[in-house]
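Below: one structure, written as structure tokens.
Order of listing sets the numbers, starting from 1, for every ligand and every atom in it.
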Amino acid sequence: MSTPSRQPPHPDVQEVLFSEAEIAARGEGLAAAINTDYAGLEIYFVGILKGAAPFAADLLRRIDRPLRLDFMAVSSYGSGARSSGAVRILKDLEEGIAGRHVLVVEDIVDSGLTLHYLRENLLARRPASLRICAFLDKPDRRKVDVPVDYVGFRIPDHFVVGYGLDYAERYRNLPYIGVLKPEVYQG
Ligand code: 5GP
């Protein structure tokens with residue numbers, strides 16, 4: 001089979017911020033840092049559903065430390081392009097994390113409210129350590145300070161989709177990170 005030609009971006013996408021190749025290269029770098037930092041330790045790897053699923057799946061295959069995989073699903077109340085700050089756990093971890101080295105893997109940090117809540121919630125379970133890895137970070141939008149140990153890319157305040165990130169449950173399957181055309185979410 002011949003190599004498929006590069007497809008133009010989805011018509012709702014205004015600009016591709018990070019291509020598949022750029023995402024893969026950054027993933028290698030993040031995994032290398034994690035492999036170094038967790039030498040001799042078993043990682044309790046917690047992917048945050050749904051948005052971080054593709055990133056988590058790519059990242060964990062590049063980690064060569066002993067690893068247990070778990071997921072949490074959280075939802076911010078309210079829908080649309082901005083989170084309201086109130087967080088609900090829709091799916092909790094399957095195992096206790098006391099004494100374990102927990103690595104939370106998230107798609108994007110925006111206001112920081114979701115990760116702030118998650119961090120407090122998980123710290124109360126007394127892990128041996130807790131670190132956060134976020135594929136994207138929008139520092140300009142931060143409302144609450146949250147320590148993010150590993151960041152894929154820092155981006156300006158754009159609403160982005162693809163590589164797991166949705167708008168109204170669409171676009172998660174795009175293999176790149178793209179800026180959504182504002183008219184799509186402004187109606
Ligand atoms: P925070 O609580 O930090 O404001 O928001 C975190 C969540 O909001 C992310 O996990 C993600 O679901 C959503 N979010 C924030 N910014 C974006 C964005 O640019 N695009 C998409 N698709 N979701 C976003």
| query | Is any N or O atom of Val160, backbone or side chain, closer than 3.5 Å to an N or O atom of ligand 1? | reply | yes

| Going by distance only, is there an N or O of Leu115 that falls short of 3.5 Å from an N or O of ligand 1? | no

Work out whether the distance between some heavy atom of [X] and some atom of ligand 1 is less than 4.0 Å.
X: Gly51; value: no
X: Phe159; value: yes
X: Lys138; value: yes
X: Lys143; value: no

Atom indices of ligand 1, in the order listed, that fall short of 4.0 Å to a heavy atom of [X]:
X: Thr114; value: 1 (P), 2 (O), 5 (O), 6 (C)
X: His158; value: 19 (O)
X: Glu106; value: 10 (O)
X: Ser111; value: 1 (P), 2 (O), 3 (O), 4 (O)

| Applying a 4.0 Å heavy-atom criterion (strictly less than), which segment of Asp107 is in contact with ligand 1: side chain, backbone, both, or neither? | side chain

| request: May I ask whether Leu123 and Val148 are part of the same hydrophobic cluster, defined by side-chain heavy atoms of I, L, V, M, F, W, Y residues being less than 4.5 angstrom apart, directly or through others? | output: yes

| task | Provide the full list of salt bridge (charged side-chain N to carboxylate O under 4.0 Å, His left out) pairs with a residue in residues 177-186, sequence neighbours left out, each pair given once. | result | none

| note | Exactly one of Phe55, Phe18, Tyr150 clears ring-ring contact (aromatic ring centres under 6.0 Å, His included) with Phe135, and that residue is Phe55

| task | Spell out, as yes or no, whether a donor-acceptor pair under 3.5 Å connects the side chain of Arg26 to the backbone of Val151. | result | yes

| CG-CG distance between Asp140 and Asp110, expressed to the nearest 0.5 angstrom | 10.0 Å

| task | Flag the pair Lys50 and Asp107 as a salt bridge only when some basic side-chain nitrogen lies within less than 4.0 angstrom of an acidic carboxylate oxygen. | result | no

| task | With sequence neighbours left out, write down each residue that passes side chain to side chain donor-acceptor pair (under 3.5 Å) with Gln186, or none if nothing qualifies. | result | none

| note | Restricting to heavy atoms, the pick from Val161, Leu180, Asp166 nearest atom 22 (N) of ligand 1 would be Asp166

| request: Step through it carefully: locate the ring centre of Tyr176, locate the ring centre of Tyr163, and say whether they are under 6.0 Å apart. | output: no

